[in-house]
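One structure is given here, and the rest of the page talks about it.
Start at 1 with the first residue, then count along the sequence.
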Amino acid sequence: AAVGTVTEADVALAQASDPKWRTPLGRVLIAMATDDVDGFIAILTEHPELLQPDREGVTDGSLVRSAWAGETFEHRESCARMLDWIVSQLGDPTRALGPLLCQPFLHVKTERIQRLLDLGADAAWVAPNGLCVLDHALLRYWNPTAVDLIARRIAPRKAFWVAAGLGDVPTMLSFLDARGRPTDAARRDRPEFNAVGPYMSPSTPGASDLDIVWEAWVIAALNRRFGALDALLQYGYPIDYAPWGSNMLHLAVGNRMADLVEYLVSRGADIDLKGWQPT
């Protein structure tokens, strides 16, 4: 390396001088940081206890998540090989991989979800907070193709917002009466916005009819289910409704959803409306 350049090997040597990095786990993490696949496998073969479930019942504690992060966000082929090897050593990889299906991806690439499913992730996994993978996917993926990978592997439950998020227009409309007002059934299962990440509003009890429909509108919009959005507009949904202080057009522009921006403008969204964080 050039003079003054700090390499991963330099970092590993510095870490090795600290006793905590000379433990089996520390050595594994150094091997991961320096793309030493053979060393990684050798240490874990010598210390298989590092692949045992932690106290929460999640296999490996951190190694699966670390390898997944290196593969997904740093595009490191070594981490992909490490992840493949770890999974091959687990009798049941679903507990380790299930949480990864529920991470806050936002604009997740379809191939990343397919990769987890190919490794053995269970689309029917339920997180400790009681929400299933599909709940997280509808709120977090912002990619309908990736959501559909999950939905095709399970039997989605009947709920107003779930049907809207999947673009299942007939089921969605079954939760509205003849005047477009949500039925009692639409209120019994609502999206838990704050349970899956820092959204701006919880699902409050006693919500108005408009707010119940707005929840379905948001989920349909985030998942680009334009047929569902059209159906709600036909029942009189106000396209510029903004209970979060910004309407859906603001959110679409701010989050680089060009197709959703084009759709909303084509349906009459007010491009001059100012939100609490105007864009």
Side-chain angles (χ1 to χ4, degrees), residues 1-18 20-54 56 58-123 125 127 133 136-137 140-150 152-153 197 256:
V3 175
T5 300
V6 178
T7 67
E8 289 183 337
D10 296 327
V11 173
L13 289 172
Q15 291 174 332
S17 66
D18 186 327
K20 72 180 181 182
W21 293 104
R22 293 198 293 272
T23 65
L25 179 58
R27 290 163 55 210
V28 165
L29 294 177
I30 289 175
M32 183 176 288
T34 56
D35 298 319
D36 181 3
V37 178
D38 291 339
F40 178 88
I41 293 174
I43 298 166
L44 287 174
T45 300
E46 182 181 355
H47 296 279
E49 69 275 7
L50 295 177
L51 295 177
Q52 296 304 308
D54 62 21
E56 296 178 351
V58 178
T59 306
D60 90 273
S62 64
L63 297 181
V64 165
R65 291 189 292 273
S66 296
W68 168 252
E71 176 185 347
T72 299
F73 303 113
E74 300 172 18
H75 309 291
R76 291 164 58 194
E77 190 270 340
S78 64
C79 286
R81 291 168 58 196
M82 292 175 190
L83 182 58
D84 285 337
W85 185 85
I86 295 174
V87 170
S88 75
Q89 303 303 301
L90 302 178
D92 179 6
T94 58
R95 291 183 299 178
L97 298 174
L100 298 180
L101 288 173
C102 299
Q103 294 296 310
F105 286 107
L106 304 187
H107 303 294
V108 64
K109 294 184 181 299
T110 304
E111 57 265 28
R112 303 316 301 154
I113 301 303
Q114 185 65 62
R115 164 77 163 142
L116 288 172
L117 294 169
D118 290 344
L119 284 169
D122 184 3
W125 188 78
V133 171
H136 289 260
R140 286 181 160 171
Y141 286 5
W142 294 11
N143 177 345
T145 306
V147 168
D148 289 344
L149 287 178
I150 303 300
R152 284 199 297 267
R153 287 167 169 78
R256 306 184 309 280

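- To the nearest 0.5 Å, the span separating CD1 on I30 from CZ on F40 amounts to 13.0 Å.
- Summarising the geometry of A31 relative to G39, their closest heavy-atom pair is CB-C, 4.3 Å, with the distance given to 0.1 Å.
- Closest non-hydrogen pair, V147 versus A137, comes out as CG2-O, 3.5 Å.
- Of all heavy-atom pairs spanning S66 and M32, the tightest one is CB-SD, 3.5 Å.
- By the side-chain hydrogen bond (donor to acceptor under 3.5 Å, both in side chains) test, Q114 is found to be paired with D118, residues two or more places apart in sequence or in another chain being considered.
- Scanning for side chain to side chain contact (heavy atoms under 4.5 Å, CB included) contacts around A42 gives an empty result, with sequence neighbours left out.
- Remark: T72 engages W68, R112 in a side chain to side chain contact (heavy atoms under 4.5 Å, CB included) (not counting sequence neighbours).
- The distance from the CG atom of L116 to the CG atom of D122 is 12.0 Å, given to the nearest 0.5 Å.
- Residues that satisfy the side chain to side chain contact (heavy atoms under 4.5 Å, CB included) test with R152, not counting sequence neighbours, are D148, L149.
- D36 pairs by the salt bridge (charged side-chain N to carboxylate O under 4.0 Å, His left out) definition with nothing, not counting sequence neighbours.
- Across W125 and R95, no two heavy atoms sit closer than the pair NE1-CA, 4.5 Å.
- In this view, T94 and D92 satisfy the side-chain hydrogen bond (donor to acceptor under 3.5 Å, both in side chains) rule, not counting sequence neighbours.
- Using a 4.5 Å heavy-atom threshold, the side chains of I113 and Y141 count as touching.
- Interatomic distance, CZ of R27 versus CG of L44, reported as 10.0 Å (0.5 Å rounding).
- Distance check: I150 CD1 to H136 NE2 gives 11.5 Å after rounding to the nearest 0.5 Å.
- Between I43 and L25, the closest side-chain pair of non-hydrogen atoms is not below 4.5 Å.
- Contact check for R153 versus L117: side-chain heavy atoms found under the 4.5 Å cut-off.
- Of all heavy-atom pairs spanning Q103 and P99, the tightest one is NE2-O, 3.2 Å.
- Taking all atoms of both residues into account, the shortest heavy-atom contact from A123 to V133 is O-CB, 3.5 Å.
- Among residues two or more places apart in sequence or in another chain, the ring pair (Phe, Tyr, Trp, His ring centres under 6.0 Å) test is passed with H47 by none.
- Taking the side-chain hydrogen bond (donor to acceptor under 3.5 Å, both in side chains) definition, one finds that T110 meets it with N143, sequence neighbours left out.
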Donor-acceptor pairs under 3.5 Å, side chain of residues 78-86 to any protein atom, not counting sequence neighbours: which ones?
| residue | atom | partner | partner atom | Å |
| --- | --- | --- | --- | --- |
| S78 | OG | D35 | OD1 | 2.5 |
| D84 | OD1 | R115 | NH1 | 2.9 |
| D84 | OD1 | R115 | NH2 | 3.0 |

